[in-house]
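Order of the sequence lines sets the chain letters (A, B, ...), proteins ahead of strands, with each chain counted from 1.
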There are 4 protein chains.
Amino acid sequence: MIDTKKQLRSTSRHTQIVNGADIVLKENGVQQFTIDKVVDYLGIAKGTFYKYFESKDDVLAEVSIKALSLMLNYFKLSQREDQVGIENTKAFILSSYAFSLDYPAYFELIIYMERPEFKSEVDGYKKISDKVTGFVIDHLKNQQEKGIIRKDIDPVYGTFVLWGSSMGVMQFMEAKKVFIEDVKHLSQNEMMKTYVDMIINGVT
Amino acid sequence: MIDTKKQLRSTSRHTQIVNGADIVLKENGVQQFTIDKVVDYLGIAKGTFYKYFESKDDVLAEVSIKALSLMLNYFKLSQREDQVGIENTKAFILSSYAFSLDYPAYFELIIYMERPEFKSEVDGYKKISDKVTGFVIDHLKNQQEKGIIRKDIDPVYGTFVLWGSSMGVMQFMEAKKVFIEDVKHLSQNEMMKTYVDMIINGVT
Amino acid sequence: MIDTKKQLRSTSRHTQIVNGADIVLKENGVQQFTIDKVVDYLGIAKGTFYKYFESKDDVLAEVSIKALSLMLNYFKLSQREDQVGIENTKAFILSSYAFSLDYPAYFELIIYMERPEFKSEVDGYKKISDKVTGFVIDHLKNQQEKGIIRKDIDPVYGTFVLWGSSMGVMQFMEAKKVFIEDVKHLSQNEMMKTYVDMIINGVT
Amino acid sequence: MIDTKKQLRSTSRHTQIVNGADIVLKENGVQQFTIDKVVDYLGIAKGTFYKYFESKDDVLAEVSIKALSLMLNYFKLSQREDQVGIENTKAFILSSYAFSLDYPAYFELIIYMERPEFKSEVDGYKKISDKVTGFVIDHLKNQQEKGIIRKDIDPVYGTFVLWGSSMGVMQFMEAKKVFIEDVKHLSQNEMMKTYVDMIINGVT
DNA sequence: TATGAATGAGTGTTCATTCAT
DNA sequence: AATGAATGAACACTCATTCAT
């Protein structure tokens, strides 16, 4: 339990709960994330939580807005005008890798939110989710116009494939971390490089 | 509940429980898989279950051995001598796609087992996991020797990339099923084709 | 939320809250009636509510005054000078049936208020309750004087019997609605007719 | 909490829980009946309860079987061969009155179970419920054949009217107990007599 | 007089695991 | 070796009521 009173002055309860949920998520992962842990951590009553959020998925949607915004920021920061040719696409993929390394719980959350049964009523979620998708689609189209990426790849399919496959590789590495590094003496970075190399070659 | 007595003579309790868990898994999926359902199905006592398995994850690890074996079989059956060039690699990727469609619960299980917190003590799991990995590594090496796949790709990294990315794309499609088909009017098959095209181009 | 300010000038807070509770009751029924909904609807603070009312049951008691007043009005409107003989008594019973159809939530409330554990301190409730009772007693006495209703029935007992039994029949029909209409293919109206016929025969 | 061990030897857990629920019901009434109270009373774990019953409504259904059986018994015991004419019908109505006096919580429960949303999966409930209804219908038919009750009354409607109205009168008396006896100095018995007189006159 | 954030004891329900027999 | 009754902490969610400002 943290000292709630200090925070109250500077932050609204809503934000405070989102922040608490954020921390609980990072410490426990999505599967072990519970409302009980959040209210315990914040030292507030359960009723208080439900004054601000309709459901568990509701807070998670808000946290995932932070997660997606942060990821989008990683994407944007990876793009530089002085990078020519396929470099920007490489940089984009590597930035999503960096994000998954820096914020593994966020990464897990984004996957969790994609469950079909998840019907978020939180406006911001759909918005930022579309924004991220849009960013990648635009990137692909742009590279196709410049003649850098093959024009026969549908940008929408291409985006989902890019996203799905890179997330898969990262998830795989995360899961097999111990196995890969200790047993096989492989490096995650080396593996990511191989992936980028393979997928980049496939689209150019 | 099935008739346990007949099985008892020919099969050991251990195997019998794994088989029961297998069927329960296929019928319910990983999230709805419970020990209660397993012992109900088998008509055995709960205590008996815990005599043979330390935990829920323990049986699931054993079931996943069956799942991985079956997947390996799909891989093997996809390879034909009369297929030339890159066709065998394509066939290999598509066979893992077919597997995920034919046995969604197994596919779900394999992903479930990859959680970092999952620490299986079951010997056989590592064995079959290595076997599957070995198969793909051999495949890659083979294709490289024939000059079909680029020689600069490390076969071990390449294997993990191939595996991780294709599973990622499939998982992504499964999760976004409704979204992809209803909202974007995309086809899962078309998306898989795009993936195969992109990754194949990247390795040849 | 409604605009509270306008009402404030003309109506007292007390009345205003009762009116709000009234509307919330009609829209939600007794079981779903919550203080939260009332203060939300009125746009006032919860503390304000508890300044004017000691408990949830307290407001409901006040709302039930409105309900009983309305029911009394139904009773009165059912009586016409040109109706001769037992017709006015029939009309009286049918008017209480009409009331229960027109204002199901009020009807529900009246039954809810009759729980033994409900101890209303609200003055007005007893008053209107007596008024309704008085009306029926007077009606019975009147009919007895005219020789329409048997003189050996005590008008006070008769009133409670009339009231209790007709409410019971209506409550029974409401509860068994599905059962009566779907399973037994009976009609609510037909059942009410049977009741009126039986009870009217019993008193004449 | 009672001493559980003694009971265990003679009674099965199932029966024991039903008995506990029975007592909790009688002490608290339907609205305040909770699983927590039942397990607290029995001194068992919540999980134990749910091993034997699927839901709260499930136990209540079982308890109501006891209630309905008991009520049916009251009905049957009221019928005597040496009673002639309308006396048996009177006795029947008075027996349901006696039942509601002896077991007010059971009476409440029977009303509670009639909620349309209540979908009991418990076989016995429908059975005994139908039995009770059947008993009354048969009684009416019988009296009609003997020429004691008017033949133009449909026995099914008549049953429901009889049941609904008598339950209504009893519920009304229960609710207004204090009011009737203290304020109006009326007697419940006198009121019941009036009801029986009125309804009997209406049907003969 | 009015506020509204905060409370917390419920509420029904689940399920992996234990242990006396 | 086998049983299966019992556990109990966990879970998401509710709502009448309080009290410091």
Side-chain angles (χ1 to χ4, degrees), chain A residues 4 8 12-14 16-17 32-40 42-60, chain B residues 4 8 12-14 17 31-40 42-60, chain C residues 4 8 12-14 17 31-40 42-60, chain D residues 4 8 12-14 16-17 32-40 42-60:
Chain A
T4 301
L8 255 179
S12 80
R13 259 281 130 106
H14 188 98
Q16 189 194 348
I17 292 172
Q32 315 296 336
F33 176 92
T34 66
I35 302 301
D36 271 348
K37 278 175 185 152
V38 174
V39 298
D40 272 8
L42 289 170
I44 61 170
K46 237 176 192 167
T48 306
F49 174 88
Y50 280 96
K51 272 267 141 55
Y52 293 89
F53 297 92
E54 286 198 345
S55 68
K56 182 189 169 186
D57 276 0
D58 221 39
V59 228
L60 285 180
Chain B
T4 304
L8 257 179
S12 77
R13 261 281 131 105
H14 188 98
I17 292 174
Q31 302 295 339
Q32 316 295 337
F33 176 92
T34 64
I35 301 299
D36 270 328
K37 279 174 185 156
V38 174
V39 298
D40 269 10
L42 288 170
I44 62 168
K46 236 170 188 170
T48 308
F49 175 89
Y50 279 96
K51 274 262 148 50
Y52 291 90
F53 297 91
E54 285 198 346
S55 70
K56 183 188 167 187
D57 277 1
D58 227 36
V59 227
L60 286 179
Chain C
T4 303
L8 257 177
S12 78
R13 260 282 131 104
H14 188 97
I17 292 173
Q31 302 294 339
Q32 316 296 336
F33 177 91
T34 63
I35 302 300
D36 270 327
K37 279 173 185 157
V38 174
V39 298
D40 269 10
L42 288 169
I44 61 167
K46 236 168 187 170
T48 307
F49 175 90
Y50 279 95
K51 274 262 147 55
Y52 290 90
F53 297 91
E54 283 198 348
S55 68
K56 183 189 167 187
D57 277 0
D58 226 36
V59 229
L60 286 180
Chain D
T4 301
L8 254 180
S12 79
R13 257 285 130 102
H14 187 98
Q16 189 193 346
I17 292 173
Q32 315 296 335
F33 176 91
T34 65
I35 301 301
D36 271 349
K37 278 174 185 152
V38 174
V39 297
D40 270 8
L42 289 169
I44 61 170
K46 240 174 185 170
T48 306
F49 174 88
Y50 279 96
K51 270 267 142 53
Y52 293 89
F53 297 91
E54 285 198 344
S55 68
K56 183 190 169 187
D57 276 0
D58 222 38
V59 230
L60 286 179

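Taking atom NE2 on B:His14 and atom P on F:dA1, their separation rounds to 14 Å, with Å as the unit. Protein atom CG of B:Asp40 is 11 Å distant from nucleotide atom P of F:dA5, rounded to whole Å. Atom P of nucleotide F:dA16 and atom CG of C:Asp58 are separated by 14 Å, given to the nearest angstrom. Taking atom CG of residue D:Asp57 and atom C1' of nucleotide E:dT13, one finds them 13 Å apart after rounding to whole Å. One can place CG of B:Leu42 at 14 Å from P of F:dG4, the figure rounded to the nearest angstrom. The CG atom of A:Asp36 sits 13 Å away from the P atom of F:dA9 (whole-angstrom rounding). In this structure, C:Ile44 atom CD1 and F:dT17 atom P are separated by 15 Å, rounded to whole Å. Atom CZ of A:Phe49 is separated from atom P of E:dA5 by 16 Å (rounded to the nearest Å).
OP1 or OP2 of F:dC11 has at least one side-chain nitrogen or oxygen of A:Thr34 nearer than 4.0 Å. For A:Thr48 and E:dT7, the shortest distance from a side-chain N or O to OP1 or OP2 is below 4.0 Å. Applying the 4.0 Å criterion to OP1 and OP2 of F:dA2, one finds that B:Arg13 has a side-chain N or O inside that range. Distances shown here put a side-chain N or O of D:Tyr52 below 4.0 Å from the OP1 or OP2 atom of F:dA6. Here D:Tyr50 reaches the OP1 or OP2 of E:dT13: one of its side-chain N or O atoms lies under 4.0 Å away.
Nearer to the 5' terminus of DNA chain F, by closest-nucleotide assignment, is the contact made by A:Phe33 (compared with the other of C:Ile35 and A:Phe33). Each of C:Gln32 and C:Gly47 lies near DNA chain F, and the nucleotide nearest C:Gln32 is the one positioned closer to the 5' end.
Backbone-only contact: D:Lys56 has heavy atoms under 4.0 Å from sugar-phosphate atoms and none from a base. When heavy atoms are screened at a 4.0 angstrom cut-off, A:Lys51 is found touching base atoms of the nucleic acid.
With A:Lys46 contributing its side chain and A:Ile35 its backbone, the two residues share no donor-acceptor pair below 3.5 Å.
Closest of all the heavy-atom pairs between D:Leu42 and D:Ile17 is CD1-CA, 3.7 Å.
Residues B:Lys37 and B:Asp40 have side chains not in contact (no heavy-atom distance under 4.5 Å, counting atoms from C-beta outward). In this structure the side chain of A:Ile44 reaches within 4.5 angstrom of the side chain of A:Arg13, judged on heavy atoms.
Judged by distance alone, with hydrogens and angles left aside, A:Lys46 brings no side-chain donor or acceptor close enough to the base of F:dT14 to form a pair under 3.5 Å.
Shown here, E:dA2 forms a base pair with F:dT21; the pair counts as Watson-Crick or G-U wobble because both key distances fall under 3.5 Å.
Distance check: B:Thr48 OG1 to B:Phe53 CZ gives 12.0 Å after rounding to the nearest 0.5 Å.
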